Amino acid sequence: MNHLLIKNGTIIDGNGGEPIKNGAVLLKDNEIIAVGPESTMPDVEASEVIDADGGYILPGLIDTHVHLMFEQDGLASRLETPFSVQFYKAIHYMRKTLDAGITTIRDAGALDVGVKTAVEQGLIEGPRMQISVNALTITGGHGDNWMRSGFDLTRNSYPSMPDATCDGPDEVHLKVREMLRAGADVIKVHATGGVMSPTDHPEFTQFSQEELEIIVREAAYRRGVKVMAHAQGAEGIKNAVRAGIHSIEHGIYLDDEAIELMIEHGTYLVPTLLAPVAVLEQAEESDNIPIYAVEKARESVDAHHESVKKAYEAGVKIAMGTDAGVMPHGTNLRELSLMCDVGMTPMESIVATTKVAAECLGWGDRLGTLEEGKLADVVITKTDPLNDLRALEDTDNIMTVVKDGKVVKDLRNV
Ligand SMILES: [Zn+2]
């Protein structure tokens, strides 16, 4: 039996209450067995002791919307890069994600069950994950990258990545079943258009109400698999919420009725405020962002801010998600200060990245807070996130990361 004691830090447990000074956390293998002031720790011989050196001890952080299989490398690179290179790149992206203190993610599309299996088997290091495999899209929708030149850049299917384009009740039914067969833990659907796609617009409604209901029902038949919807325009968001979608991703053009519906249904909002900001930044620095995406990002960035602000003020449940892959992996924690820009307190941002994010994934019983009985994911930061949230954006301030009871990053001088 392995006991790991983390001591000499201030505990921010993810529940949103007062931090605990001179705190400690005791882990036994992959379980948290005690949390509190160091003086209250049970008297066991720890096989390993980590001195947090006056830092801050948090639960493993959670990003509920990432794409671990890509970054914005540009069109030429996509056309020229050999197929299997993407898997090697993903190893690097996962490392960056862990280095940012993120021990759990939900992948919002383009990651197959093989990558997840390789992490679970310990062949490569990466965050714990829920995967959606490929995101359902209509023909000509967000997710359909058929270009008007005639080239089709839709992430092509391969044995463990079923094609996800579907139109009409029968086809959406089949596609949900294919994603589940391919190992999807969650179904992702594009309910509206979006920014990074060539022939649609964020406000376009895509799947019909009937199609969305079929998707939600079919997923629910499999031990309650949940559905996450990329949804930016108000009508598409409302269709998704009425259909019983579990989380609305992006939510750029929420109106009052959409917000009311979300509260009524208990729907989560995953804001990804960083996504349009990062698109515009990268467009400044390189030619990797297509002009249609730049125009749509510019058009939506202010509306996005206002929309999330209204949702927050109305009390919609907000889970942290970034759309990492649209921005470089490892920069995920920039989202936290953007959430504060819409009015959330630093503590609320942290809770959205821990407790609420875990609940959004349906894993609230085993992740998201430092509490007895939960899985042993812990992060130690050098700086006080309640005092300076932006300091977390520098991954050198993420000192130590423990996932499943094992140290996966450690910058302390030991
Ligand atoms: Zn996304």
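Counting starts at 1 for both ligands and their atoms, in listed order. Please read all numbers here as calculations on a predicted model, not as lab measurements.
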Hits for ring pair (Phe, Tyr, Trp, His ring centres under 6.0 Å) against F83, two or more places apart or cross-chain, chain-then-number order -> F87, Y158
TODO: Check whether the ring centres of H65 and H250 lie less than 6.0 Å apart, and answer yes or no.
DONE: yes
Might you confirm whether atom NZ of K317 has over 12 heavy atoms from other residues, nucleotides or ligands at distances under 6.0 Å? yes
Residues passing the side-chain contact (heavy atoms from CB on, under 4.5 Å) test with E371, sequence neighbours excluded, are N15, T369, K374
Checked the Zn ion (ligand 1): protein N, O or S atoms closer than 2.8 Å come out as H65 NE2, H67 NE2, D323 OD1
Indicate whether any N or O donor in one side chain lies under 3.5 Å from an N or O acceptor in the other, for Q206 and H190.
no
Let me check something: any side-chain donor-acceptor pairs from residues 291-299 under 3.5 Å, sequence neighbours excluded? List them with distances.
unit_1	atom_1	unit_2	atom_2	d
K296	NZ	G194	O	2.7
K296	NZ	V195	O	3.4
K296	NZ	S197	O	2.6
K296	NZ	D200	O	2.8
E299	OE2	H201	NE2	2.9

